[in-house]
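Just below is one structure, and these are the notes that go with it.
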2 protein chains.
Amino acid sequence: MIQELKDNYGHLFENNLLNEINQVGTFKEVPEGAVMINIGEYVKSMPLLISGAIKILREDNDGDELLLYFLEKGDTCAMTLTCCLGQKKSEIKAVAETDAKLMMIPIQKMEEWSGKYKSWRNFVFESYHNRLNEMLETIDSIAFLKMDERLLKYLIEKARVSEDGTIRNTHQEIAYDLHTSRVVISRLLKKLENLGKIELHRNYVTLLKI
Amino acid sequence: MIQELKDNYGHLFENNLLNEINQVGTFKEVPEGAVMINIGEYVKSMPLLISGAIKILREDNDGDELLLYFLEKGDTCAMTLTCCLGQKKSEIKAVAETDAKLMMIPIQKMEEWSGKYKSWRNFVFESYHNRLNEMLETIDSIAFLKMDERLLKYLIEKARVSEDGTIRNTHQEIAYDLHTSRVVISRLLKKLENLGKIELHRNYVTLLKI
DNA sequence: AAATTAATGTAACCCTTGTTACACAAATTA
DNA sequence: TAATTTGTGTAACAAGGGTTACATTAATTT
């Protein structure tokens, strides 16, 4: 049994299911920055995230991007779930935000386990629920917040999922995630620095404790 | 057996399940405009929509609203699903867009049926998938479109779910759904009228065929 | 070290959207 | 019918944020 599987999913799944996952799943490591799936691609297996963080993005026809949310350990991709079941194309893009470890589950098992294990069903439902709530959070941000508030919220999220609490990105990269321009981000970051909320450096930003 | 249940869900569910739904479900009619659930309320049963349309809204702390999507016949509310299972509060507000007919399912049955009927599981998964996609559509609109494009898209959606293809709303009501101001909507509607896309009247708008 | 590339700072400008104010018309109520 | 309320049209202005342009500084390459 892979120890990290037990550590992260032991409280969720009964032993029989854990053993099955351990048997049929494939352990996988992905390096930071790796594109794990693109819009329009078919999904072949379902990931259970063991460590690290995955960035989920939406893209429009012009290739403009928007960050939707991050997945962390114990999470799975809700999109993948029905993509697998219905053989549908992915509607989102997934990129490793940090180095990450995953357990990949073959799609045939999902349907089988849904009938067999109550804990699996609950996990799947819970995942959907979490993802829907994260989408609502995203909608709240873009619909109700101004760009400076969105930026601060983004920096806090980014710092949370990063290893050391710093945001190791250029202004341009931040601008892509928030679907705005580099100049706007530079302007607002400077404003946040003047307010004493952050510290700016070349290639990274640090959040200051309040 | 309620005929409309068979008509709308007969192709989805096996007969045993249909009969159970018919037995334990409560038939319910709601008039246009009725608030079916508010943010923060607990959900007691799960609705299967038989006819009419339901408007799903998000609200921020100041009471500002934003239309997320419409539910139509054959749909259910994905939010409700895990709200029921996890005894969680609703994150959204639901208002009858037109007169609607529903079958209300007691929450205990949901868990039971998830283990018992494959068609029920598939329906639930499919619902989640559809709702996630509708949320993505909403995000696309507010993130990538300008207000005039969002407005036109909104009018087309509204016309689709309405009885007679007209949008029976005041400019103020449209403004609430799109989370903007009445003046902005009046301005853009007038622009769309000048482009020959719509016809403006007091209290309603008609879409012109292209 | 010099040249080049990448990241950031900042000014000036413009467009979209939001706000305020008010006129006018249609519907409703007195 | 007169008075009031509700819905719409429009002008003028403000603010947020997107764009272009260019300077400056740090890192990388030659």
Side-chain angles (χ1 to χ4, degrees), chain A residues 33 60-67 138-155 158 166-207, chain B residues 33 60 62-67 138-155 158 166-208:
Chain A
D60 77 354
N61 298 328
D62 306 336
D64 292 340
E65 293 188 347
L66 180 79
L67 170 68
T138 307
I139 289 176
D140 284 351
S141 294
I142 53 182
F144 300 131
L145 299 187
K146 298 227 173 101
M147 192 55 83
D148 55 346
E149 300 171 296
R150 280 181 64 196
L151 176 57
L152 186 55
K153 207 174 152 189
Y154 168 87
L155 294 173
K158 267 297 243 202
T166 66
I167 297 101
R168 283 164 297 114
N169 291 100
T170 65
H171 299 182
Q172 181 61 70
E173 288 168 339
I174 297 174
Y176 284 141
D177 278 352
L178 296 177
H179 188 242
T180 179
S181 78
R182 198 274 307 168
V183 178
V184 170
I185 294 300
S186 292
R187 186 154 66 203
L188 295 177
L189 281 174
K190 185 53 72 181
K191 216 172 85 184
L192 287 174
E193 191 182 42
N194 291 336
L195 289 171
K197 307 212 177 200
I198 59 173
E199 227 175 63
L200 295 181
H201 310 272
R202 187 184 175 91
N203 289 312
Y204 71 100
V205 179
T206 46
L207 263 180
Chain B
D60 77 355
D62 306 337
D64 292 340
E65 293 189 348
L66 179 79
L67 171 68
T138 307
I139 289 176
D140 285 351
S141 295
I142 52 183
F144 300 131
L145 299 186
K146 296 226 174 102
M147 191 56 82
D148 55 347
E149 299 170 296
R150 280 180 64 197
L151 175 57
L152 186 56
K153 208 174 151 189
Y154 168 87
L155 294 173
K158 270 293 247 202
T166 67
I167 298 101
R168 282 163 296 111
N169 290 100
T170 65
H171 299 182
Q172 181 61 71
E173 288 167 340
I174 297 174
Y176 284 140
D177 277 353
L178 296 178
H179 187 241
T180 180
S181 78
R182 197 275 305 169
V183 179
V184 169
I185 293 300
S186 293
R187 185 154 65 203
L188 295 177
L189 281 174
K190 185 52 72 180
K191 216 171 84 183
L192 287 175
E193 190 181 43
N194 291 336
L195 288 170
K197 305 210 179 204
I198 59 172
E199 227 175 63
L200 295 180
H201 309 272
R202 187 185 175 91
N203 289 313
Y204 71 101
V205 179
T206 46
L207 264 179
L208 298 180

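To find a chain, count down the sequence lines: A is the first, B the second, and so on, and within it residues start at 1. None of these values were measured; they are calculated from a predicted model.
- Salt-bridge annotation for B:Glu149 and B:Lys146: absent, with no side-chain N of the basic residue lying under 4.0 Å from a carboxylate O of the acidic one.
- Residue-level contact check: B:Thr170 touches the backbone only, with heavy atoms under 4.0 Å from sugar-phosphate atoms and none from bases.
- Under a cut-off of 6.0 angstrom, the local environment of CG in B:Asn194 is crowded, with over 12 non-hydrogen atoms contributed by other residues, nucleotides or ligands.
- Looking at which nucleotide of DNA chain C each of A:Tyr204 and B:Leu145 is closest to, the 5′-most match is held by A:Tyr204.
- Within the 4.0 angstrom heavy-atom criterion, no nucleotide atom of any strand lies near A:His179.
- Computed from coordinates, the B:His201 NE2 to C:dA27 P distance equals 13 Å when rounded to whole Å.
- The distance from the NZ atom of B:Lys158 to the NZ atom of B:Lys153 is 15.5 Å, given to the nearest 0.5 Å.
- Summarising the geometry, atom CZ belonging to B:Arg150 is positioned 12.0 Å from atom CG belonging to B:Asp140; distances are rounded to the nearest 0.5 Å.
- Going from atom CD of B:Gln172 over to atom C1' of C:dG18 covers 13 Å, rounded to whole Å.
- Around the OH atom of B:Tyr176, the shell of radius 6.0 Å holds no more than 12 heavy atoms that belong to other residues, nucleotides or ligands.
- Without hydrogens or angle criteria, A:Asp62 side chain to A:Asp64 main chain gives no donor-acceptor distance under 3.5 Å.
- The 5' end of DNA chain D is approached more closely, in terms of each residue's nearest nucleotide, by A:Met147 than by the other of A:Met147 and A:Asn203.
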Would you tabulate the nitrogen or oxygen pairs shorter than 3.5 Å linking the protein to nucleotides 9-13 of chain C?
unit_1 : atom_1 : unit_2   : atom_2 : d
C:dG9  : OP1    : A:Lys190 : NZ     : 3.2
C:dG9  : N7     : A:Arg182 : NH1    : 3.0
C:dG9  : O6     : A:Arg182 : NH2    : 2.9

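- In the 5' to 3' direction, nucleotides of DNA chain D lying under 4.0 Å from heavy atoms of chain B begin and end at D:dT6 to D:dA12.
- A side-chain hydrogen bond (donor to acceptor under 3.5 Å, both in side chains) with B:Glu193 holds for exactly one of B:Lys191, B:Lys190, B:Lys197; it is B:Lys190.
- Distance, B:Leu178 CG to C:dT17 C1': 13 Å, rounded to whole Å.
- The two atoms that bring B:Gly196 and B:Leu208 nearest to each other are O-CD1, 3.4 Å, heavy atoms only.
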